[in-house]
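We're numbering straight along the sequence, starting at 1. Values in this document were obtained by computation on a predicted structure and should not be read as measured data. All values below were derived from every heavy atom in this structure, side-chain atoms included, with hydrogens, water molecules and symmetry-related copies excluded.
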Amino acid sequence: MYPLPTTCHICGQKYHVTEVHCGHCHTTVSGQFALGRLHQLTPEQLDFIEIFIACEGKINRVEQELNLSYPAVRSRLHEVIHALGREVGDSNDAPDPEPPHQADKNEARREILARVSSGELLPEEAAALLRSEK
């Protein structure tokens with residue numbers, strides 16, 4: 001099956017679903033049906049959300065999966081949030097942002113691992129540096 005088109009290929013406006021049909025029993029229902037919010041997303045945004053969910057919302061895992069930097073992943077996430085008609089951080093039950101010192105520690109760990117990857121540091125040296133970060 002093809003994905004449901006959400007915008008008109010001629011004028012670019014959003015489609016209004018007016019009929020649904022069961023392929024098994026051939027029941028047809030007519031009316032005005034709203035598409036869910038996720039149908040507002042582009043295919044690329046939907047792919048990102050699928051990966052984000054598979055990574056359990058852990059940005060560092062999304063970074064690895066997509067081979068993107070932390071800021072790039074955050075930017076894509078914010079783009080999806082805006083496309084869904086929400087503002088970043090508009091929920092009262094949203095978790096508090098990561099403390100600045102924790103963000104600095106995470107960045108330092110990433111830099112150490114990048115130095116190992118480039119051959120600048122030996123794994124043993126990196127392990128010692130990471131232990132001292134705690």
Requested in this report: Check Leu38 against Leu46 and note the closest heavy-atom contact, atom names and distance.
Outcome: O-CD2, 3.7 Å
Report summary line: For Leu84 and Arg37, the nearest pair of non-hydrogen atoms, with its separation, is CD2-O, 3.4 Å
Report summary line: The complete set of salt bridge (charged side-chain N to carboxylate O under 4.0 Å, His left out) pairs with one or both residues in residues 43-56, sequence neighbours excluded, reads Glu56-Lys58, Glu56-Arg61
Query raised in the report: For the hydrophobic clusters of this structure (ILVMFWY residues joined by side-chain heavy atoms under 4.5 Å, transitively), does one cluster hold both Leu122 and Val116?
Result: no
Requested in this report: For Ala83 and Gln40, work out which heavy atoms get closest and say how close.
Outcome: O-OE1, 3.3 Å
Query raised in the report: With sequence neighbours excluded, what pairs up with Ala72 under the side-chain contact (heavy atoms from CB on, under 4.5 Å) test?
Result: Leu68, Ser69
Query raised in the report: Measuring from Glu79:CD to Leu41:CG, what's the distance to the nearest 0.5 Å?
Result: 9.0 Å
Query raised in the report: What heavy-atom pair brings Phe48 and Val73 nearest, and what distance separates the two atoms?
Result: CZ-O, 3.8 Å
Query - Value rounded to 0.5 Å, distance of CZ in Arg115 from CD in Glu111 - result: 8.5 Å
**Report entry** Euclidean distance, Asn60 CG relative to Glu65 CD, rounded to 0.5 Å
**Finding:** 12.0 Å
Query raised in the report: Salt bridge between Arg110 and Glu63, side-chain N to carboxylate O under 4.0 Å?
Result: yes
Report task. Any chance you could measure Glu87, atom CD, to Ile81, atom CD1, to the nearest 0.5 Å? Result -> 9.5 Å
Query raised in the report: Given side chains that start at C-beta, do those of Tyr15 and His9 come closer than 4.5 Å, heavy atoms only?
Result: yes
Query raised in the report: How many angstroms lie between atom CD1 of Ile112 and atom CD of Glu120, to the nearest 0.5 angstrom?
Result: 11.0 Å
Report summary line: Correct closest heavy-atom pair for Leu113 and Leu130 would be CD2-CD1, 4.2 Å
Query raised in the report: What pairs meet the ring-ring contact (aromatic ring centres under 6.0 Å, His included) rule with one or both residues in residues 22-43, with sequence neighbours excluded?
Result: His21-His26
